[in-house]
Amino acid sequence: MIGIFGLVIFLFAFASGRNAVRPVSEPQVKFVGENNLFITSKAVSKLLIQNYGNASNVAKETLALNELEKALKSNPMIKTAEVYVAINGTLNAEIEQKTPIARVNTNASYYVDADGQYMPLSNNYSARVPLVTGYVEKNSLKSVYQIALKINNDDFLKKHVYEIRQDESKQLFLKLRKCDFTVQIGSVNALDKKINNLKAFYKKALKDNILKDYSKVNLQFDNQVICTKI
């Protein structure tokens with residue numbers, strides 16, 4: 001029994017040692033969530049290789065998986081990353097990309113993601129999201145983010161709004177598809193009420209066939225929709 005027990009310990013230690021020094025394969029990249037790839041598998045593999053060198057020359061025990069995850073998360077297109085090595089030595093990376101909800105087009109061009117953070121444009125794919133124009137600073141996206149998030153989560157707004165404009169005083173304006181008028185939102189205070197007022201106005205004006213009669217729709221005031229005729 002002692003001999004058998006010793007043999008089991010020896011075999012376990014031997015297998016563990018062999019497994020630890022087994023060379024790691026080329027990275028296998030899997031994307032979760034969003035199907036449209038703003039960053040490619042090739043780009044992710046390149047990031048991994050830059051941080052652990054040539055995969056065929058690196059033993060499993062030398063890999064710092066946490067460091068590799070940090071390296072991937074530092075990429076401004078990646079939201080989360082999980083890196084692990086399978087028993088057969090395959091290096092795997094599961095990537096969740098950021099989700100853009102608006103595209104800033106001022107003196108700089110970039111996306112605002114679903115968490116209100118900066119996200120660069122991609123050479124691989126272009127998202128169909130509202131355009132943000134006017135006076136926008138990368139380190140001050142709160143108001144733009146709030147209205148963009150509202151648009152992204154609302155079927156009516158997502159269908160009709162194609163542009164968000166912010167002026168120097170951070171007042172917000174919207175442009176709707178197939179409409180000549182500008183919607184003045186003002187600040188993001190009482191935003192839900194303002195959007196409900198806009199929906200009510202749009203439904204009534206569409207029914208009466210008078211959408212084309214207005215140049216401006218002002219929603220800044222409580223329980224009022226002030227319209228300016230052309």
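None of these values were measured; they are calculated from a predicted model.
- More than 12 heavy atoms of other residues, nucleotides or ligands sit less than 6.0 Å from atom CZ of Arg177.
- Within a 6.0 Å sphere centred on CG of Asp155, heavy atoms belonging to other residues, nucleotides or ligands number 12 at most.
- Legend: residues meeting ring pair (Phe, Tyr, Trp, His ring centres under 6.0 Å) with Tyr202, ordered by chain and number and at least two apart, are Phe156, His160.
- When each of Arg165, Gln166, Glu168 is paired with Tyr135, the side-chain hydrogen bond (donor to acceptor under 3.5 Å, both in side chains) condition holds for Glu168 and for no other.
- To the nearest 0.5 angstrom, Phe38 atom CZ is 6.5 Å from Gln97 atom CD.
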Would you be so kind as to tabulate the donor-acceptor pairs closer than 3.5 Å made by side chains of residues 69-82, with sequence neighbours excluded?
residue : atom : partner : partner atom : Å
Glu69   : OE2  : Val83   : N            : 2.9
Ser74   : OG   : Ala71   : O            : 2.5
Asn75   : OD1  : Met77   : N            : 2.9
Thr80   : OG1  : Glu96   : OE1          : 3.2

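- Once rounded to the nearest 0.5 Å, the distance linking NZ of Lys194 with CG of Leu174 reads 10.5 Å.
- Between the side chains of Ser169 and Asp167, at least one donor N or O lies within less than 3.5 Å of an accepting N or O.
- Considering only residues two or more places apart in sequence or on other chains, Lys150 meets the side-chain hydrogen bond (donor to acceptor under 3.5 Å, both in side chains) condition with Asp192.
- One finds no salt bridge joining Lys98 and Asp115 here, because no Lys/Arg side-chain nitrogen approaches an Asp/Glu carboxylate oxygen to under 4.0 Å.
- Crowding of Lys204 atom NZ: a count of heavy atoms from other residues, nucleotides or ligands under 6.0 Å not exceeding 12.
- Interatomic distance, SG of Cys227 versus OH of Tyr214, reported as 5.5 Å (0.5 Å rounding).
- For the residue pair Lys30 / Ser41, no side-chain donor-acceptor distance below 3.5 Å is found, with atom types taken as modelled.
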